[in-house]
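So the structure is just underneath, and the comments pick up after that.
Throughout, a chain's letter reflects where its sequence line sits, starting with A, and its residues are numbered from 1.
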Amino acid sequence: MTIKDYNNLHKNVLHWYDNNKRDLPWRKTKSQKKDAYKIWVSEIMLQQTTVKAVIPYYSSFIKKWPNVKKLSKSNVNEILEFWSGLGYYSRAKNLHNASKIIDKKFKGVFPNNYQDLVSLPGIGRYTAGAILSIAFNKDALVVDSNIERIILRLNAIKKDPKRTRKEVEEIAKKFTPSKRAGDYVQALMDIGSSICKSQNPNCINCPINFLCLAYKKGLTNEIPLKQKKIIKKLKKGIVFWITSKNNNVYLRRRPDNGILPGTLGFPSTKWSEERLTAKEKEFPGINKWDKMSGKINHSFSHFDLQLKIYAKYGFDEMKLKGEWKQKSKIEKIGLPTLMKKIYLHALSVEKSKI
DNA sequence: GTCCAGGAAC
DNA sequence: GTTCCTGGAC
């Protein structure tokens, strides 16, 4: 592209943004100056998560923890519970750890350079760039999947996206204007989500269609090149629904690594592709179970899970250390979606028996 | 039911 | 290169 093309790109993208930008809560600020803390929280939530899913979480998060100091003084389990349903739970832990580092090492001042930002847990190259450009208006390198898709299409790059990172970044660097850098990247992201969509892009209404080689060549549906789909494994296991005479249900905190790290859940056997051995099906201290009807199916990014539910009623709470929660209040506890499916199933089975 | 979007850490 | 989740479109 020529210098004139770049100028037209910036002009059209920013003009479109001024008239069409999405009204997102983290874009609302009282003063002109952006609050880096809020941009950071929003960007962490937006990692691998859609805007629509993030909005309700973002608003109540900011109400609860309005600044880094408050967040650093909070309890990590409280943040994990808050995070329930949003997914990728290590983000919650990283947010908490990073807030402590900002409070201590950076004396409460939010870092405004790349090196310090990527040193924080949960902040990688994209999030660092997004914070630098959106919160501090610096012309940082920002390539999220929206921007990547736009660049691939603008330049009609029909290659495996896994092998084009360098090329895309070089183009992104050349594209980014020094003025209104933050507005520019947000504009591209908005165009990417509402016009230059992955499926059925709305090219007619695109402010930069006159520059787009994929549009010119009729290649918008073939770029980005689709990845080969992976076949998911099916894992199976047994989850234990243990209730007490007081009508409490037994939960325990999951380990800090692996799937659903640090979250509360119902105990279970390991989840395995292989048939479980009798020993692997054991639960210490309980050997007689009611096998509940139905199965829980849940799909994670890299495997599908199928769980049977074994139930035990009227168990002595003193014999099992962990968390006993009131059955009637279980819906009030923030639990990951899988655990939510389990208690909804168990409660409805119990209800149908009465 | 199947397919798909969406970054960091290891 | 693999492991981390969920919800929405179809």
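- The number of heavy atoms from other shown groups lying within 6.0 Å of CZ (A/Arg252) is above 12.
- Shown for residues 121-138 of chain A: residues whose heavy atoms fall under 4.0 angstrom of DNA chain B, namely A/Pro121, A/Gly122, A/Ile123, A/Gly124, A/Arg125, A/Tyr126, A/Thr127.
- A/Asp116 is linked by a salt bridge (charged side-chain N to carboxylate O under 4.0 Å, His left out) to nothing, counting only residues two or more places apart in sequence or in another chain.
- Using a 30° and 60° split on the angle between ring planes, A/Trp271 and A/Phe300 fall in the parallel class, below 30°.
- With sequence neighbours left out, A/Ser299 forms a side chain to side chain contact (heavy atoms under 4.5 Å, CB included) with A/Lys232, A/Asp304.
- Under the side chain to side chain donor-acceptor pair (under 3.5 Å) criterion, A/Trp241 pairs with A/Glu350, sequence neighbours left out.
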Handout entry: Under 4.0 Å protein heavy-atom contacts per nucleotide of nucleotides 3-10 of chain C, with B for base, S for backbone only and - for none
Key = SBBBSS--
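- Scanning for side chain to side chain donor-acceptor pair (under 3.5 Å) contacts around A/Ser84 gives an empty result, with sequence neighbours left out.
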Run the side-chain donor-acceptor check on residues 278-286 of chain A: report pairs under 3.5 Å with partners two or more places apart or on a different chain.
| residue | atom | partner | partner atom | Å |
| --- | --- | --- | --- | --- |
| A/Glu280 | OE1 | A/Thr277 | N | 2.9 |
| A/Glu280 | OE1 | A/Thr277 | OG1 | 3.4 |
| A/Glu280 | OE2 | A/Lys270 | NZ | 3.1 |

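- The outermost nucleotides of DNA chain B lying under 4.0 Å from heavy atoms of chain A, listed 5' to 3', are B/dC3 to B/dA9.
- The residue among A/Leu46 and A/Asn94 whose nearest nucleotide of DNA chain B is located toward the 5' end is A/Leu46.
- With sequence neighbours excluded, no residue forms a side chain to side chain contact (heavy atoms under 4.5 Å, CB included) with A/Lys166.
- Side chain to side chain, A/Arg22 and A/Ser194 fail the donor-acceptor criterion of an N or O pair below 3.5 Å.
- Applying the side chain to side chain donor-acceptor pair (under 3.5 Å) test to pairs two or more places apart or on separate chains, those with a residue in residues 206-225 of chain A are A/Lys158-A/Glu222.
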Distance-only donor-acceptor pairs under 3.5 Å for side chains of residues 141-148 of chain A, two or more places apart:
| residue | atom | partner | partner atom | Å |
| --- | --- | --- | --- | --- |
| A/Asp144 | OD1 | A/Asn146 | N | 3.3 |
| A/Asp144 | OD1 | A/Ile147 | N | 2.8 |
| A/Asp144 | OD2 | A/Asn146 | ND2 | 3.3 |
| A/Asn146 | OD1 | A/Arg149 | NH2 | 2.8 |

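- The stretch residues 74-82 of chain A does not touch DNA chain C, since none of its heavy atoms comes less than 4.0 Å from the strand.
- Donor-acceptor pairing under 3.5 Å is recorded for the side chains of A/Glu43 and A/Tyr126.
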